[in-house]
Structures are given as structure tokens and as C-alpha cells.
Amino acid sequence: MALRVFNTLGRKLEEFTPLNPPRVGMYVCGPTVYGHSHLGHAKSYVSFDAILRWLRLSGYQVAYVQNITDVGHMTENDEDAGQDKLVAEARRRGLHPMAVAEIFTRSYFEDMDALNVLRPDISPRASGHIPEQIECARLLIEKGNAYVNNGSVYFDVASFWKYGRLSGRNVEEMEAGARVEVNPEKRKPADFALWKRAEPGHIMRWKSPWGEGFPGWHLECSVMSQKYIGVTLDIHGGGLENQFPHHECEIAQGECTTGQPFCRYWLHNNMVTLDGQKMGKSLGNSVCLKDLFSTTEPLRDRAGNILVEKSFEPAVVRHFILTSHYRAPLDFSNEALKGAEAGSYKLRDAVREIHKAALTRAVHAKSEPGAQATGSAAAATTLAPGATAPELGATARATGATALEQCSAAAKSDAVRTALTNVVRRFADAMNEDFNTAAAIATVFDFIRQTGTWVREGAPAEDLLAADALMQRLVGDALGLKWQDTAGGAAAEHERNALIQVLVDLRNDARKTKNFALGDQVRQRLAALGIELKDGPTGTTW
RNA sequence: GGUGGCGUGCCCGAGUGGACUAAGGGAGCGGAUUGCAAAUCCGUUUUUCAUGGGUUCGAAUCCCAUCGCCACCUCCA
């Protein structure tokens, strides 16, 4: 099944065909680094991360570029500067705006790393591409698409007939609409700035042919995407709210300078709400990711109502985001997060179970002469690092959609092979239909019911290894779910497990002699340390 | 005010004309298992898809109206 994506240009599902396969040039609007990332950022970048991962797993060589906007918003005298506490704080501490940008750029990557969002191949900074932006503005003036007025440069919207096509807007109608205030320097209200004259109080300023100033808000994306990807992007992603005017302006700038289509597929993610309401700093219900990941007390809104009662690990937040579609709005709430957490941990435990069982049985199979089948040893070798490395996403990334099919082919029994093939098909069908991660996760939940059965019933090592390999591909590589480790390094983990095993053995001895009081004491004291013992038919696990 | 979109069972959320007597997860309940418990497994909770009309042999899915919410028209993922 071919990949279909919902293209905002045309507003319908279209088969995805890159300009120069297997290469794909993908650009996603990055953050403006003036504050810590919040739930909205999480939804956006987790969504595009899933898209990126699926494209790569499908065999595309994706060049992924995402900007860092560090120009244009941090000004000394802007009216909204007073509302931005962080800029206010920066000023109070005497920090340069670039220092503020640096702080929040790092913060952004920290949060995204925690969410297991793959880093872009290139993260260009707007401030690092001023000459390119000046050149673009100059070229647009030369081509008759822009004009200079009093040290600023404006794009003449009337010169580009396609303006408004992406967002389905009619420039004439908008002019009829009541705008709050129209910059008198513009010929038409819909014209937008390519370069703005810097007023005396403006800190971030660069020399240009039109005097000192700074680039317009939309210019960086056109310039930097085309610089690193080429004149025509395959995919441009971003938040729904940026459709107009931001993306519309990007198209205008990009196409007027090159005469070529700017982007083939426009993908827009929807917004988050909190308890059904818009989330916003001004509303006092904004939840920032650092708080959500590590708070030790409930997060409250301005009125003191509890928004989130405890912290949730990044993988749970990621899991929750992926259970909805990227084009659908997602409502965060304490209850929803708790539900996602329970489900996510169920998945985590099942993924760990099949992994452990596969490795254990592979080792046993090796030690039994004659019992070793082809594939088993190789698979065990491939997966062996998984015993010590992070449990997911550590498998070597194969190219092509066949990466998933290879896993199922390695199974020994027909029944398991068929089951794995079905899982691959369902999962791929879901992802190929405009990246339906919710349906993909549903497939994985059905899959863990099967792997659980195979583990209990003692399926052959080859079957378990194949199932485990597929599970890691789906959950780790495609969905990017990587839960926190219970302990530090691999060695520490090993030692810790050995110690717990001693206590478990002692407890089981006590239970055999009906000394339940002692047995329960061991269990309770381990539970107090966060180690939960579970007695099953094949022994005690934790 | 204009434009685009959404509203699914107790909760979150897929599905968008017939395989839907609605995926998957959560929660509750019952059972299996267990010395107890947790986990796991099995079953169950909803003839129902904002509301009211309409089209159709047939609608959660299409049309109209109403209500609510979200986004954009001003920087915002």
C-alpha cells in the first residue's frame, strides 16, 4: 500500500511521491525560543517525529530541517515585550536577547530529547542567516514583488496571484474585513514585511541596503529551507495556526524568487486543549514540559485549580499524543494522562517481557546441541546488545519497508510467521494512511496479547526472537517509545537485578515453609523502594 | 463579523456511506489464577456516534438547521 498524506494544498489525501526519490526534503517550522516548550510543542514535534520515522523506515532518505527562530520577537520597546516574563527577566538580569535565545534553544532540545524526538539534520538559526535573508529581499525588490518604504521592505501581495491559495483566503475579502491597525507604510493592508527598520530601542539589528533593521517574520523559513533542501521542498510541516499568514508568505517569497513550486506537500498538525479549553499563557493554564515531566506537586492554573496532579514521564506524554491523529485536536487532562500512563506501562511491560524471553530462550537454544536453528544465532547476536543497551530503538535501522517484513520472515512456525505478517500489514496500512499512529498503536496492543501468549506457551526461540525484533522496530523505531530505565547504567542494572534476585529467592524459600510474614515483609520493603514483585506460574518477576 | 475545522460509548480516542451489533487504551464490575496481592488471561459495562430534521435499500459517515468547542483574520506548535 502506497503512502497517502493529507495535503493542505487541495485539502485531500494524495499519494506521496517525492520529487527525487528516494530523497525527501522535509522542513518543519521550529520554535521561537523565548520560553520553555509546552504541551503544544510536544504535540507538534512528536507528530512530525512519527512522520519522519515512518518515512525513514519506509526507505526514504529524509533531509530534515527545522529552524530555530531567534530574531524578531525579542525587542526592548515592543508593546508585547511587557507581557513576556522571560524577556522581562532577561532585561532585569541584563541578559542579551541572544543569551535568552540560547537558554531556550537548549531547553527545547532537552525536552525534545526527553520525548525521544529525533534531532533535525540541520537546525538553522534565523540570526545566522541574515545575509541570505537580505539577499532574498533584495531579489524580490528586483523582480518587482517588493518595495522599500522608509527603511523597511514589504512584499507586494498583489504581485503574486497564488497568495491565499494554501489557506483558502481571498485577499480582496480580507481587505474588506476590519483590521485593527494598518501600517501606513504598506501599500495594501495584506502586504507583509520582508525587512523592518529598527527603531532606536531595538536591540537585535543588522546593517542592510535599507539601513539598520531586522528580517521579517516569514523570511527565514523560505530562505533557510531552500538553502538546505533546494528550491522545492517535498514536505513542509507546521502548526495549523501558521497556515495563514506565515506559510502563505513563505510560498509567496519562495516562489517569486525561484519561479518554481515552493513545496509539494503541506502538512499541518492540530492544536491541544487543556480540559477542553484553549491552552495559553494569558489564560494561565499553560503546561510546560519540564514541569510536567518532573513536578513533585500538582500543577495548577492561575485560579488554583489542579491541571495535572503529578508528573508524567516523557514516554507517556509521547504515547498519549500518538494515540490521537496529528490532524485532530487533542485534549489534555489529568484523567486522560493517567489513562495513557496505565496503557503505556502495560505496553512497556509487554515489550520488556518478550525481549527478555527471546534473549533467555535464545541462550538456552544455543547451549543445547542440535537445537540451534538457522537464524536464531544471528538474530540473537543482533539483538544481544539489547540486554544492556537501551531496550528500544537500539536495533540497527534497516532501509526500506522490508525492514518490518524481514522480522516476520525469521519466525519458525507458520502460525507465528502469519501472525507477524498480519501485524506488519495492519501497522503499515495505518501509517500509510496519513500517519494514523492511533490505529498503529491499536495494532501493537493486539500484538502484545499475542506475544504474551507465545511467551507463556513456550514458543521456539526463533519465533520469540522474530516477534521481539518486530516489536522493537514498531514500538522503538517507528513509534519512538522509549520509557525511562529503572536504574542507571547497564552494569548497575545487572548488579541491581542480581541483588533483587537474592531477596526473591529468600522470600520464595520462606514462602515454601509457610513463613508468609517474612515473605510479605520482603515484598513490602522492596515495594517501598519502588520494586514490585509479581508471582507468576513460571517464577517471580519484578 | 468573516473563513476553515471539530463534537464518537463512563473517560481518552480511531473510524467518515454497507465487514460498525464503533478499533485500541483507561476505568468499573464478574470469573480464572494466587497463601494474600499485583500482573496476566477470559467475560462484561455502550443498539450508540452533540441536538433536530432530511437524502438513501442502507449513515457515526452525505445535506440543512441549531447549540458547543478549536483555529485563523495580530506573534504563538
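Basis for what follows: all heavy atoms, side chains included, without hydrogens, waters or symmetry-related copies.
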Name the closest nucleotide to the [X] side chain, picking from [options].
X         : options                : answer
Phe244(A) : A39(B), A23(B), C72(B) : C72(B)
Lys346(A) : U40(B), G4(B), A38(B)  : U40(B)
Leu330(A) : G13(B), C72(B), A37(B) : G13(B)
Pro245(A) : C75(B), C12(B), A27(B) : C75(B)
Tyr45(A)  : A38(B), G24(B), A77(B) : A77(B)
Arg507(A) : C6(B), C72(B), G35(B)  : G35(B)
Pro329(A) : A14(B), C11(B), C6(B)  : C6(B)
Arg169(A) : G2(B), A71(B), C41(B)  : G2(B)
Arg449(A) : C41(B), C70(B), C73(B) : C41(B)
Arg511(A) : A14(B), G35(B), A23(B) : G35(B)

[atom1]-based separation of [M] from [N] [nearest Å]:
N      : M      : atom1 : answer
G2(B)  : A65(B) : P     : 13 Å
U61(B) : U51(B) : P     : 11 Å
U55(B) : C12(B) : P     : 33 Å
A23(B) : G5(B)  : P     : 28 Å
C73(B) : A77(B) : P     : 13 Å
A60(B) : U47(B) : P     : 14 Å
G15(B) : C62(B) : P     : 13 Å
G13(B) : C49(B) : C1'   : 13 Å

Could you state the [atom1]-[atom2] distance from [X] to [N], rounded to the nearest angstrom?
X         : N      : atom1 : atom2 : answer
Gln521(A) : G35(B) : CD    : P     : 21 Å
Glu241(A) : C70(B) : CD    : P     : 15 Å
Asp429(A) : G15(B) : CG    : P     : 14 Å
Phe192(A) : U74(B) : CZ    : C1'   : 15 Å
Asp434(A) : U16(B) : CG    : P     : 11 Å
Trp454(A) : C41(B) : CH2   : C1'   : 16 Å
Asp331(A) : G5(B)  : CG    : C1'   : 16 Å
Phe332(A) : C70(B) : CZ    : P     : 16 Å

For the residue pair [X] and [Y], what are the closest heavy atoms and their distance?
X         : Y         : answer
Ser344(A) : Trp483(A) : OG-NE1, 2.8 Å
Val287(A) : His38(A)  : O-CB, 3.1 Å
Asp434(A) : Phe6(A)   : OD1-N, 3.0 Å

Considering every strand and a 4.0 Å limit on heavy-atom distances, what is the contact class for [X]: base, sugar-phosphate, or nothing?
X         : value
Phe48(A)  : nothing
Lys534(A) : base
His325(A) : sugar-phosphate
Gly276(A) : sugar-phosphate
Val28(A)  : nothing
Gln277(A) : sugar-phosphate
Gln243(A) : nothing
Ala328(A) : sugar-phosphate
Phe516(A) : base
Gly40(A)  : base

Parallel, tilted or perpendicular for Phe320(A) and Phe332(A), by the 30°/60° rule? perpendicular
Has [X] got a side-chain N or O lying under 4.0 Å from the OP1 or OP2 atom of [N]?
X         : N      : value
Asn436(A) : G15(B) : yes
Asn242(A) : C76(B) : yes
Ser167(A) : G4(B)  : no

Any strand is fair game: report the nucleotide pairing with [N] by Watson-Crick or G-U wobble, both distances under 3.5 Å, or none.
N      : answer
G24(B) : C12(B)
G43(B) : C29(B)
U66(B) : A50(B)
U74(B) : none
A60(B) : none

Applying the side-chain hydrogen bond (donor to acceptor under 3.5 Å, both in side chains) test to Arg507(A), which of Asp535(A), Asn515(A), Asp520(A) qualifies? Asp535(A)
What about Asn334(A): does its side chain form a donor-acceptor pair under 3.5 Å with the base of C12(B)? no
Can you find a donor-acceptor N/O pair under 3.5 angstrom joining the side chain of Asp520(A) to the base of G35(B)? yes
Whether the Asp331(A) and Ser333(A) side chains hold a donor-acceptor pair (N or O, under 3.5 Å, no angle test) is what I'd like checked.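 No.
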Is the distance from the ring center of Phe104(A) to that of His36(A) below 6.0 Å? yes
With respect to Asp113(A), which candidate in Arg318(A), Arg106(A), Arg119(A), Lys482(A) satisfies the salt bridge (charged side-chain N to carboxylate O under 4.0 Å, His left out) definition?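 Passing option: Arg119(A).
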After noting the C-alpha distance and the side-chain angles of Lys356(A) and Glu353(A), does the key distance pass the salt bridge (charged side-chain N to carboxylate O under 4.0 Å, His left out) rule? CA-CA 5 Å; Lys356(A) 214 167 172 178; Glu353(A) 182 192 43; over 6 Å; no
For Arg11(A), look at atom CZ and say whether over 12 heavy atoms of other residues, nucleotides or ligands are found less than 6.0 Å away. yes
Between Arg523(A) and Ala439(A), which residue's closest nucleotide on RNA chain B lies nearer the 5′ terminus?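 It is Ala439(A), whose closest nucleotide lies nearer the 5' terminus.
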Start at the 5' end of RNA chain B and walk down; is the nucleotide closest to Asp349(A) or to Asp446(A) reached first? Asp446(A)
